[in-house]
Amino acid sequence: MEEMIIESQKGNISKAFKSMIKSGRPDIRNDENEDLVEKLYVDLLDGEYYLNLATDDNHTIFKGRRGTGKSTIFIQAEKKLTEEKGILPVYINLQTCYEVIRSSDTDQECEINKWITYRNFFNEVLDAIDQKCQNRFKDNKDIVQLFEAIRNGEYIDTNFERSVKTNEEKGTEIKAACYFGFKNKIASANAAAKKTKEFSKTTEHNSTEMRIYSINKILKSLTGILKKQNINKVYLFLDDFSELDKDAQQLIIDSLMAPIISSYNKYFVVKLAAYPYRIYLGNMDSNKISQYSLDFYNVYEKTANNYKEVEALGIDYVRRTLKKRIEIFSNEQLDADELFDTKKINIDEYYKRLFYASAGIPRCMGYILDYSYISSINQGKTITMSNIDNASRQYYTENIYPDFFNDVRYKQSFFDDDKILTRIAQNNLMLDLIRISKEFKRNIVQQYTSKCSIKEIYRDTLIKYKTSNGFWLPSSHFFIEKEYEDLLQTLELYYIINKFNEGSTRKKFSTKVSFYGLNYGLCLENGIDYGRPDFRRTYDYWRQEEFDYSKIIPKLLLNSSVPQCQDCGYEYIDREELKMAQKFKRCLKCGKENTISESNAIDSILIEEIEKWKAISLPDTQMEVLRILYNNRNSDEVMTAARIAVEMDKHHLAITKFCDKLKRLDYVDYDVRNKRVYKITQKAIDTYFEKEPEIDEFSI
């Protein structure tokens, strides 16, 4: 009977899994076109704690890696606040505000992007508020007149206008690709791209507070109008803040958010969604804005007494999330427990495995379950542990690692926003962590089989878990002193590693350390045993000194990148010494100011390779389309624009445009079967996917 129900619900199960993959502002509906987002919401903590944080009147930053549910919280909060009188919630996706204009002059390019980001961001805010007001107060003449005045340039900042006028008098042609949309006044400064050094010098004086609009005047006028309509509070939900580069973040915070929070703190409430480690607060008063993390350890360690409870809460969140999805999509015909093969394995073990594989991140779980579906539910079978493991490996090889290193070499933003050599150094660090983990097991097993003396904890593990296939000895986790945590930020941001715990070591009780685990799919792909033996205290196994990488990781990174004084040549190998030099902004040896920079040992080796990558780089969205088509080249999936759009969280018409451009480059082709069905060409495969980096390709 159970199998019959699963067979009849196959389509709905697939929709449930795919709904977790959607990013940004997901539009999830059932066959009756009913919006399901509100019904599907599952809070990380009891009492809808995080939803309440999003709807209170405090300025808040929600920090979390991709897929942790930041946008979902904002959607729920917006819906909830819309129902309350006297409140106007406004949602803005900052990623849509960010445009990259390329020019042959890199100095120009940087300045151009600042102006465009500023213009787009504030226009986006104004348009969103205008739209909300039009929906709430139809035919309100004050609102219409205000936004017409703004668009006509009547709220241009006088300093900006004076700056433009000064340059025009000097005969300077101001073209910054900054057409503001105004029909008069500064609109004539249609600013499309050719700034001279004179203009650059002028803008330098305003670099800390770049202003096009007179923010305070606009907010004062808007506040007065809204108060007449009995609006007592405006909530600004600013999503995808970390998709902006540092310059754009600085521009938005210093020129827009800081004035709002300092001068209109009681009327406007700012809710910001960002990635950990990629947040610029600048001139904003940090005492007026609280920060909350959505990654599982940071969420649950505050309510748990030990790591065992942290893990239990993380597993429970995975269970609650999946159960809710299956309940809603199956119209309460199925329970999530029924999807798994529990003849020999307890259902709790499945949820634990999903937690390890996804780190409790809903989008990661969605991918893993979606990949599992093809070889299980779609075949009329329940999901097995083997299905989950194979899917976890597939998710790592087809999504995580390509986004971290393979595909990113060819994404144009990589060369703008990131230091490519830093990413290569991080890739080398990942490869070294894999090597160390494999060597640990190999050495211990060799000592054990050679009758050499080894630690009791390792001997007991080898004896208890020996199978006909060999020995099981986990080496997936390690710890590092907290002062070195920043060295792992990039690997954590891209899911290569996940933070599991904080605590002390067996020999350094006064030293605070952080425990990390390698990605579960990465471990499967590289033959690394994952986890810990069950007969020991919860994380006593991980606390062994062999897993202390506090000295190893800094040394590995120093092999590729060494801070050095460019005047006297002194190398800062000691981390504390480097911190001191950076604090006082001078070399500790020669005393010269601002002379310390990183000299990358990889630079000379890879300079030609990097230039090749740059030459064939593509816009990020086009590279993502190619990756999706490549991953599905041998599947039965019909790759229409709509199907690709679901995975990329884009409109299907946008995908069609991307594919048209890729078709002209002979990177994609299509057949027409009522709709276009896209496929990747051999040329694209040969150019971007045929050659994956070798393990030691970038070693020094």
Side-chain angles (χ1 to χ4, degrees), residues 1-22 67 318-319 321-323 325-326 329-330 333-359 361-403 467 469 495 519-531 627-640 643-644 646-647 677 679-680 689:
M1 180 61 116
E2 184 179 298
E3 291 181 355
M4 290 177 62
I5 295 174
I6 291 176
E7 180 67 27
S8 67
Q9 291 286 336
K10 280 190 343 185
N12 290 329
I13 295 169
S14 178
K15 289 177 183 177
F17 294 165
K18 290 185 185 299
S19 71
M20 288 190 278
I21 295 174
K22 289 190 174 184
V318 167
R319 186 197 310 267
T321 299
L322 184 56
K323 278 180 171 288
R325 297 273 164 162
I326 297 302
F329 276 94
S330 71
Q333 296 298 304
L334 269 177
D335 185 285
D337 294 1
E338 298 171 329
L339 302 180
F340 301 95
D341 183 356
T342 55
K343 295 183 182 70
K344 296 181 179 179
I345 300 175
N346 186 283
I347 186 61
D348 293 339
E349 293 301 314
Y350 279 100
Y351 288 118
K352 181 189 288 188
R353 182 68 57 89
L354 282 173
F355 169 72
Y356 286 153
S358 67
I361 297 174
R363 190 178 304 160
C364 297
M365 184 164 56
Y367 272 109
I368 291 166
L369 288 169
D370 189 46
Y371 288 147
S372 297
Y373 173 88
I374 297 172
S375 56
S376 57
I377 305 294
N378 194 50
Q379 306 295 324
K381 305 173 184 176
T382 49
I383 298 172
T384 65
M385 282 294 191
S386 178
N387 294 142
I388 293 175
D389 285 353
N390 291 335
S392 300
R393 183 187 293 112
Q394 183 181 357
Y395 178 49
Y396 170 74
T397 58
E398 294 188 358
N399 299 86
I400 293 176
Y401 189 63
D403 189 44
T467 67
N469 296 323
Y495 312 123
N519 178 277
Y520 183 72
L522 177 152
C523 289
L524 293 174
E525 178 68 11
N526 291 279
I528 297 170
D529 295 333
Y530 186 95
R627 167 54 66 177
I628 292 170
L629 292 176
Y630 178 78
N631 288 348
N632 289 278
R633 68 194 185 282
N634 297 321
S635 75
D636 295 330
E637 285 266 16
V638 179
M639 302 307 294
T640 62
R643 165 64 180 83
I644 299 170
V646 168
E647 195 155 335
V677 178
K679 59 184 176 182
I680 190 169
F689 304 106

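Just so it is clear, the structure is predicted and the values come from calculations on it, not from any experiment. The residues of the chain are indexed from 1 along the displayed sequence.
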Distance-only side-chain donor-acceptor flag, N399 / Y371, under 3.5 Å: yes
Does NZ or CZ of R633 lie under 6.0 Å from the centre of the six-membered ring of Y630, at an angle within 45° of the ring axis? yes
Could you tell me whether the side chains of S375 and N387 share a donor-acceptor contact shorter than 3.5 Å? yes
Are K323 and Y351 packed together at the side-chain level, in the sense that at least one heavy-atom pair is separated by less than 4.5 angstrom? yes
Consider only side-chain N and O atoms of Y520 and R353, and report whether a donor and an acceptor are under 3.5 Å apart. yes
Which is it for I345 and M385 under the side chain to side chain contact (heavy atoms under 4.5 Å, CB included) test, yes or no, and what are the steps along the way? CA-CA 9 Å; I345 300 175; M385 282 294 191; 3.5 Å; yes
Is any side-chain N of the basic residue among D341 and K381 closer than 4.0 Å to the acidic one's carboxylate O? no
For Y495 and A359, indicate whether the former's side chain and the latter's backbone hold a donor-acceptor pair under 3.5 Å. no
Whether the side chain of S14 engages the backbone of G11 through a donor-acceptor N/O pair (distance < 3.5 Å, no angle test) should be reported. no
Nearest 0.5 angstrom please: N378 CG to I13 CD1, how far? 10.0 Å
Show the nearest heavy-atom pair for residues A391 and I368, with the distance to one decimal. CB-O, 3.2 Å
Short question: side chain of Y373, backbone of K10 - any donor-acceptor pair under 3.5 Å? yes
Donor-acceptor contact below 3.5 Å, side chain E338 vs main chain D335: yes
Distance from L629 atom CG to F689 atom CZ, nearest 0.5 Å? 8.5 Å
Looking at N526 and I528, would you say the former's side chain and the latter's main chain have a donor-acceptor pair under 3.5 Å? no
Start with the C-alpha distance between N632 and I628, add both sets of side-chain angles, then the distance that settles side chain to side chain contact (heavy atoms under 4.5 Å, CB included), and finish with yes or no. CA-CA 6 Å; N632 289 278; I628 292 170; 3.8 Å; yes
Heavy atoms, side chains only, cut-off 4.5 Å: are R325 and M20 in contact? yes
To the nearest 0.5 Å, what is the distance between OG1 (T397) and CG (L522)? 10.5 Å
Test side chain to side chain contact (heavy atoms under 4.5 Å, CB included) on I377 and I383; report intermediate values, then the result. CA-CA 7 Å; I377 305 294; I383 298 172; 4.1 Å; yes
Does one side chain, of N12 or Q9, offer a donor that lies under 3.5 Å from an acceptor on the other? yes
Taken to the nearest 0.5 Å, the spacing of D370 CG from I21 CD1 works out to 4.0 Å
Is any side-chain heavy atom of F17 less than 4.5 Å from a side-chain heavy atom of I326? yes
